[in-house]
Amino acid sequence: MKRVITYGTFDVLHYGHVNLLRRAKALGDYLIVALSSDEFNKLKNKKSYYTFEQRKSIIEACRYVDLVIPEENWEQKIDDIKKYFVDVFVMGDDWKGKFDFLKDYCEVVYLKRTPDVSSTMTKEYLSSGNISNEF
Ligand code: C2G
């Protein structure tokens with residue numbers, strides 16, 4: 001069984017995230033998502049709309065995801081790779097090169113980021129009042 005891992009906040013899940021998760025899963029048989037905790041998001045200067053538990057319940061519902069673990073710091077990746085017998089580490093290519101040190105432990109793959117979509121864009125659009133409230 002080929003085991004793949006990826007890391008992220010995955011707030012307000014969108015098709016860019018799903019594109020990443022689908023391609024990551026296609027690189028193996030089992031996909032682990034290390035989901036950034038609310039505390040770690042603070043370290044990343046990210047304020048997610050959904051809490052960790054809410055984001056976890058959403059991403060666990062994704063057909064490509066087999067296990068969700070917490071991402072609590074920048075330093076846990078090597079331990080995670082060993083603990084979960086990971087074969088492939090995957091990130092979007094906005095992180096290209098940043099995790100090459102993991103090549104000593106597993107394959108490192110950077111996948112093309114989906115253009116023109118982000119949690120921030122979605123949140124900004126929804127809070128901009130563009131939504132007509134006729135139902
Ligand atoms: N992503 C993507 N296309 C987008 C948006 C995001 O491919 N339009 C990818 C990112 O490259 C990342 C994953 O989806 O691989 C999750 O994105 P974020 O939730 O923004 O994750 P990030 O804050 O970059 O956290 O230790 C690593 C960090 O936790 C990564």
Side-chain angles (χ1 to χ4, degrees):
M1 175 187 281
K2 199 166 181 184
R3 302 158 76 86
V4 183
I5 197 167
T6 191
Y7 291 72
T9 298
F10 292 98
D11 191 30
V12 188
L13 203 68
H14 53 65
Y15 64 91
H17 293 138
V18 173
N19 282 344
L20 187 283
L21 295 169
R22 184 185 66 255
R23 288 175 293 162
K25 180 60 175 282
L27 292 171
D29 311 288
Y30 187 88
L31 176 61
I32 303 165
V33 173
L35 190 66
S36 307
S37 67
D38 297 327
E39 295 73 21
F40 184 52
N41 273 338
K42 288 190 187 110
L43 287 181
K44 295 199 295 185
N45 294 318
K46 274 198 161 183
K47 173 91 182 74
S48 63
Y49 178 77
Y50 290 121
T51 66
F52 173 80
E53 287 306 323
Q54 290 165 339
R55 287 180 285 120
K56 183 171 183 283
S57 65
I58 292 166
I59 207 153
E60 280 175 337
C62 176
R63 65 188 309 168
Y64 304 118
V65 177
D66 296 290
L67 175 68
V68 179
I69 62 171
E71 179 186 30
E72 290 163 313
N73 56 65
W74 290 112
E75 297 75 27
Q76 70 183 73
K77 292 182 175 69
I78 294 173
D79 289 342
D80 290 344
I81 287 163
K82 291 176 181 172
K83 180 176 175 184
Y84 294 97
F85 304 100
V86 168
D87 302 290
V88 189
F89 169 90
V90 175
M91 288 301 292
D93 63 1
D94 46 318
W95 290 94
K96 191 164 180 60
K98 297 288 191 311
F99 299 111
D100 287 357
F101 67 93
L102 296 175
K103 286 178 179 173
D104 294 339
Y105 304 94
C106 66
E107 197 182 335
V108 174
V109 175
Y110 299 103
L111 297 172
K112 184 148 179 35
R113 183 185 171 91
T114 302
D116 308 326
V117 63
S118 72
S119 306
T120 305
M121 284 167 63
T122 307
K123 289 186 272 190
E124 282 169 359
Y125 179 80
L126 292 173
S127 59
S128 67
N130 283 339
I131 311 291
S132 61
N133 47 18
E134 299 103 48
F135 286 95

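First listed ligand is number 1; within each ligand, the first listed atom is number 1. In what follows, every heavy atom counts, from backbone to side chain, and hydrogens, waters and symmetry copies are set aside. Numbers here are sequence positions counted from 1.
Inspection of the Glu71 and Ser36 side chains reveals an N or O donor paired with an N or O acceptor under 3.5 Å. No side-chain donor-acceptor contact under 3.5 Å links Asp80 and Tyr105.
With salt bridges taken as basic N to acidic carboxylate O contacts below 4.0 Å, one links Asp38 and Arg55. The pair Asp66-Lys25 meets the salt-bridge criterion, with a side-chain N (NZ, NE, NH1 or NH2) lying under 4.0 Å from an Asp/Glu carboxylate O. A salt bridge between Arg113 and Asp94 is present, with a side-chain N of the basic residue lying under 4.0 Å from a carboxylate O of the acidic one.
For the pair Arg3 and Phe85, the cation does not sit on the ring face, since its NZ or CZ is not both under 6.0 Å from the ring centre and inside 45° of the axis.
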Could you list, one pair per line, each nitrogen or oxygen of ligand 1 together with any protein nitrogen or oxygen closer than 3.5 Å, giving atom names and the distance rounded to 0.1 Å?
residue  : atom   : partner : partner atom : Å
ligand 1 : 3 (N)  : Thr114  : N            : 3.2
ligand 1 : 8 (N)  : Thr114  : O            : 2.8
ligand 1 : 8 (N)  : Val117  : O            : 2.7
ligand 1 : 11 (O) : Gly92   : N            : 3.4
ligand 1 : 11 (O) : Asp94   : OD1          : 2.6
ligand 1 : 15 (O) : Gly92   : N            : 2.9
ligand 1 : 19 (O) : Thr9    : N            : 3.0
ligand 1 : 19 (O) : Phe10   : N            : 2.8
ligand 1 : 20 (O) : Lys46   : NZ           : 2.8
ligand 1 : 23 (O) : Lys44   : NZ           : 3.2
ligand 1 : 23 (O) : Lys46   : NZ           : 2.6
ligand 1 : 24 (O) : Trp95   : NE1          : 2.9
ligand 1 : 25 (O) : Lys44   : NZ           : 2.9
ligand 1 : 26 (O) : Glu71   : OE2          : 2.5
ligand 1 : 26 (O) : Lys77   : NZ           : 2.8
ligand 1 : 29 (O) : Ser36   : OG           : 3.4
ligand 1 : 29 (O) : Lys44   : NZ           : 2.9
ligand 1 : 29 (O) : Glu71   : OE1          : 2.6
ligand 1 : 29 (O) : Glu71   : OE2          : 3.3

